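See structure below.
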Amino acid sequence: MDGLTPEQARLRDRARELAREAAAQAAETDRTERYPWPMVRRMTEAGLMGLTIPKAFGGAGSSYLDAVLVIEELAKACAVCGRIAVEANMGAIGAVMAYGSPAQQRLAAGLVLAGDKPAICITEPEAGSAATEMTTRAVRRGDAWVIDGVKHWITGGGVSRLHLVFARAFEDGVDLGIGGFLVVRGGEGDPAGLVIHRRIPSMGLKGMPEAEIHFRGLEVPDSMVLRPPGGFARGFGRLMEAYNGQRVGAATAALGIAAGAFDRAMDYAQARRQFGRPIAEFQGLAWMLADMSIRLEASRALIWRAARSAGPGDGADGFPDRLAAAQAKVLAADTAIEVTNQALQVWGAAGYSRDNPMERFVRDARMFAIAGGTAQVLRTQVAERILGRKLPQTRDGFLRQAAE
Ligand SMILES: CC(C)(COP(=O)(O)OP(=O)(O)OC[C@H]1O[C@@H](n2cnc3c(N)ncnc32)[C@H](O)[C@@H]1OP(=O)(O)O)[C@@H](O)C(=O)NCCC(=O)NCCSC(=O)CCS(=O)O
Ligand SMILES: Cc1cc2nc3c(=O)[nH]c(=O)nc-3n(C[C@H](O)[C@H](O)[C@H](O)COP(=O)(O)OP(=O)(O)OC[C@H]3O[C@@H](n4cnc5c(N)ncnc54)[C@H](O)[C@@H]3O)c2cc1C
């Protein structure tokens with residue numbers, strides 16, 4: 001009924017198997033706020049890091065749907081592990097595999113297949129939703145580009161090695177547009193000019209560092225510039241096309257968290273007795289569980305549809321459709337907030353206790369309506385696509401549109 005191939009069903013079983021180990025350490029990862037390196041090693045051994053990397057570069061050449069199946073299983077057990085699987089298969093790594101030079105592709109594939117979760121550096125203190133207003137600059141100096149600026153809320157800052165840094169490129173004082181610059185930290189030490197300035201304390205997903213990163217005269221060789229077709233002038237749009245893949249991944253992590261909370265709510269509702277009978281028999285809860293299951297199935301259907309829109313194949317032959325990705329992410333993010341809260345409600349006071357995972361699910365679910373394009377911004381993107389018209393967000397946007 002689910003339309004999965006036998007290989008996909010086997011891949012999901014493999015992820016489910018590993019998710020048992022992920023579940024066993026999830027509370028500890030949350031409590032200590034440490035990146036789960038032992039789980040990353042297990043995921044690497046199991047071939048779940050870099051699944052979507054084409055076979056020619058040592059990956060499995062898996063599809064976005066394959067990766068989605070893995071992410072959901074891991075996120076059900078450990079949300080941080082789910083998010084690691086997102087960025088090890090989508091986003092920056094997808095961009096490099098699609099647009100990179102062979103040397104860049106080899107470098108990125110080598111890092112991810114060895115266990116690196118790349119970081120994508122877009123957001124700045126004054127440019128969040130309005131990402132194109134970024135002020136981080138990359139100025140051409142001879143054979144290199146010199147980057148200055150500040151990025152914040154960078155997932156994996158301080159643990160990630162490969163960074164895809166979005167910056168506005170200038171040559172001879174001319175603004176060329178926004179481009180992507182590859183920077184590698186760790187190994188032989190951090191490159192001079194890349195400073196992990198501070199870790200930002202987070203509400204949920206506490207084992208995943210969120211960092212503010214300062215770039216101070218960071219030199220990036222021209223060979224590390226990611227050059228999508230169309231050059232810098234189309235750079236932002238092309239990079240965002242790759243980022244649509246990560247939106248599908250983030251939607252899946254949200255779904256996994258919600259599904260994990262739902263499974264536990266189902267078990268508890270049948271085990272817990274009040275008034276001499278299982279609480280699942282009370283219509284108030286039974287309908288709540290029914291609604292939760294409906295929202296989860298709807299989210300999964302949109303996510304799979306978005307993942308399939310990338311087409312089957314070798315990982316680099318197209319990204320998920322922009323509209324489908326935004327629709328899936330909006331629904332999954334809203335669903336995750338709702339379902340995790342309802343699941344906690346089913347558990348009563350026990351759900352509110354830190355002795356149980358329910359409050360962690362609620363905290364972990366909250367970010368997905370903010371990160372990766374907020375619920376509001378993505379609704380505007382959906383509206384633009386279905387209306388077939390640009391909906392400018394700046395005050396003078398419509399005036400400029402009318403004048404054109
Ligand atoms: C796109 C926005 C930043 C709005 O800014 P603008 O109104 O200035 O930009 P546009 O004119 O809409 O777009 C410029 C250019 O890019 C193309 N584009 C934009 N989005 C996409 C897309 N999703 N897919 C393909 N192409 C896209 C657009 O067509 C234009 O191209 P042309 O110039 O016409 O060629 C804003 O809407 C927005 O998306 N804001 C959210 C920013 C965001 O998502 N940040 C994520 C940071 S990473 C992160 O959060 C990681 C968390 S995680 O994954 O867990
Ligand atoms: C846990 C987490 C991880 C993240 N990881 C990364 C990462 O790895 N890399 C990275 O680059 N960024 C990352 N981000 C940043 C994330 O992409 C931004 O937080 C997001 O794009 C929103 O920007 P902002 O927080 O500055 O909010 P703002 O843009 O300041 O928005 C504030 C509020 O105003 C609303 N709003 C803004 N503009 C509009 C509009 N036009 N219409 C309607 N409402 C609007 C928003 O929806 C929101 O409710 C992460 C964020 C979080 C929380």
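The first residue in the sequence is number 1, and the count goes up from there. Atoms within a ligand are numbered from 1 in the order they appear, just like the ligands themselves. In this text, all values refer to a predicted model and were calculated from it rather than measured experimentally. No hydrogens, no waters, no symmetry mates; every other heavy atom, side chains included, goes into these values.
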query: So, Glu384 and Lys390, do they make that salt bridge, N to O below 4.0 Å?
result: yes
- prompt: For ligand 1, is any non-hydrogen atom under 4.0 Å from Met240's backbone (N, CA, C, O), its side chain (CB onward), both, or neither?
  reply: both
- request: Verify the ring-centre separation between Trp145 and Phe232: is it less than 6.0 angstrom?
  value: yes
message: I'd like to know if Glu212 pairs up with Arg199 as an ion pair, taking the criterion as any Lys NZ or Arg NE/NH1/NH2 lying under 4.0 Å from an Asp or Glu carboxylate oxygen.
response: no
query: For atom 22 (C) of ligand 1, which candidate among Arg322, Arg385, Glu384 provides the closest heavy atom?
result: Arg322
statement: Any heavy atom of Thr123 under 4.0 Å from ligand 1? The part involved is side chain
message: Tell me the contacting part of Gln381 for ligand 1: side chain, backbone, both, or neither, using a 4.0 Å heavy-atom threshold, strictly below.
response: side chain
message: Under the side chain to side chain contact (heavy atoms under 4.5 Å, CB included) test against Tyr268, which residue among Leu285, Asn356, Ile279 passes?
response: Ile279
message: Under 4.0 Å from a heavy atom of Asn244: which atoms of ligand 1 are those, numbered in the order shown and with their elements?
response: 22 (C), 23 (N), 24 (N), 25 (C)
Electrostatic pair Asp2:Arg12 at N-O distance under 4.0 angstrom: yes
task: Select one of side chain, backbone, both or neither to describe which atoms of Arg83 lie under 4.0 Å from any atom of ligand 1, heavy atoms only.
output: side chain
- prompt: Going by the order shown, which atoms of ligand 1 are within less than 4.0 Å of some heavy atom of Gly237?
  reply: 16 (O), 17 (C), 25 (C), 26 (N)
- prompt: So which of Trp153, Phe236, Phe166 gets nearest to atom 14 (C) of ligand 1, if we judge by its closest heavy atom?
  reply: Phe236
task: For the pair Asp267 and Arg272, find out whether any cationic side-chain nitrogen is under 4.0 Å from an anionic carboxylate oxygen.
output: no
task: Give a yes or no on whether atom 34 (O) of ligand 1 lies under 4.0 Å from any heavy atom of the protein.
output: no
Atom 39 (O) of ligand 1: any protein heavy atom closer than 4.0 Å: yes
field: Approximate separation, where rounding is to 0.5 Å, of Gln376 CD and Ile370 CD1
entry: 9.0 Å
Exam field: side chain Asp364 to backbone Gly204, donor-acceptor pair closer than 3.5 Å: no
field: contact_flag Gln393 ligand 1 heavy-atom lt 4.0 Å
entry: no
- prompt: Does atom 47 (C) of ligand 1 have a protein non-hydrogen atom under 4.0 Å from it?
  reply: yes
statement: Chain-and-number sorted residues having a heavy-atom contact under 4.0 Å with ligand 2 are Arg83, Ile120, Cys121, Ile122, Thr123, Gly128, Ser129, Trp153, Ile154, Thr155, Glu210, Met367, Ile370, Ala371, Gly372, Thr374, Gln376, Gln393
- prompt: Is the shortest side-chain N to carboxylate O distance from Arg216 to Asp148 below 4.0 Å?
  reply: no
message: Counting only heavy atoms closer than 4.0 Å, does ligand 1 sit against the backbone of Arg247, its side chain, both, or neither?
response: side chain
query: Is the closest heavy atom of Val377 to ligand 1 under 4.0 Å?
result: yes
task: Would you indicate which of Tyr243, Phe319, Phe368 comes nearest to atom 52 (C) of ligand 1 when only heavy atoms are counted?
output: Tyr243
message: As an exercise, identify every atom of ligand 1 less than 4.0 angstrom from a heavy atom of Ala131.
response: 3 (C)
- prompt: Any idea which atoms of ligand 1 are less than 4.0 Å away from a heavy-atom of Gly373?
  reply: 41 (C), 43 (C), 44 (O)
- request: Tell me, please: is Arg238 in heavy-atom contact with ligand 1, that is, under 4.0 Å?
  value: no
message: To the nearest 0.5 Å, what is the distance between CD1 on Ile257 and OG1 on Thr340?
response: 8.0 Å
- prompt: Considering only heavy atoms of Met367, which atoms of ligand 1 have at least one such atom less than 4.0 Å away?
  reply: 55 (O)
query: Which ligand 1 atoms does Gln246 reach within 4.0 Å, using its non-hydrogen atoms?
result: 51 (C), 53 (S), 54 (O)
message: Need the ligand 1 atom indices (1-based, order shown) with element for anything under 4.0 Å from a heavy-atom of Ile122.
response: 47 (C), 48 (S)
message: Tell me whether Arg363 is salt-bridged to Asp30, with the criterion being a basic N under 4.0 Å from an acidic carboxylate O.
response: yes
message: Between Arg295 and Glu338 (salt bridge meaning N to carboxylate O under 4.0 Å), is one present in this structure?
response: yes
- request: Check whether any N or O atom of Gly372, backbone or side chain, sits under 3.5 Å from an N or O atom of ligand 1, and answer yes or no.
  value: yes
- request: Any chance you could measure Trp153, atom CH2, to Thr123, atom OG1, to the nearest 0.5 Å?
  value: 10.5 Å
message: If only side-chain N and O atoms count, and only distance matters, is there a donor-acceptor pair under 3.5 Å linking Thr136 with Glu124?
response: yes
query: Hey, which atoms in ligand 1 end up nearer than 4.0 Å to a heavy atom of Arg234?
result: 35 (O)
- prompt: Between Ser129 and ligand 1, which part of the residue brings a heavy atom under 4.0 Å of the ligand: side chain, backbone, both or neither?
  reply: backbone
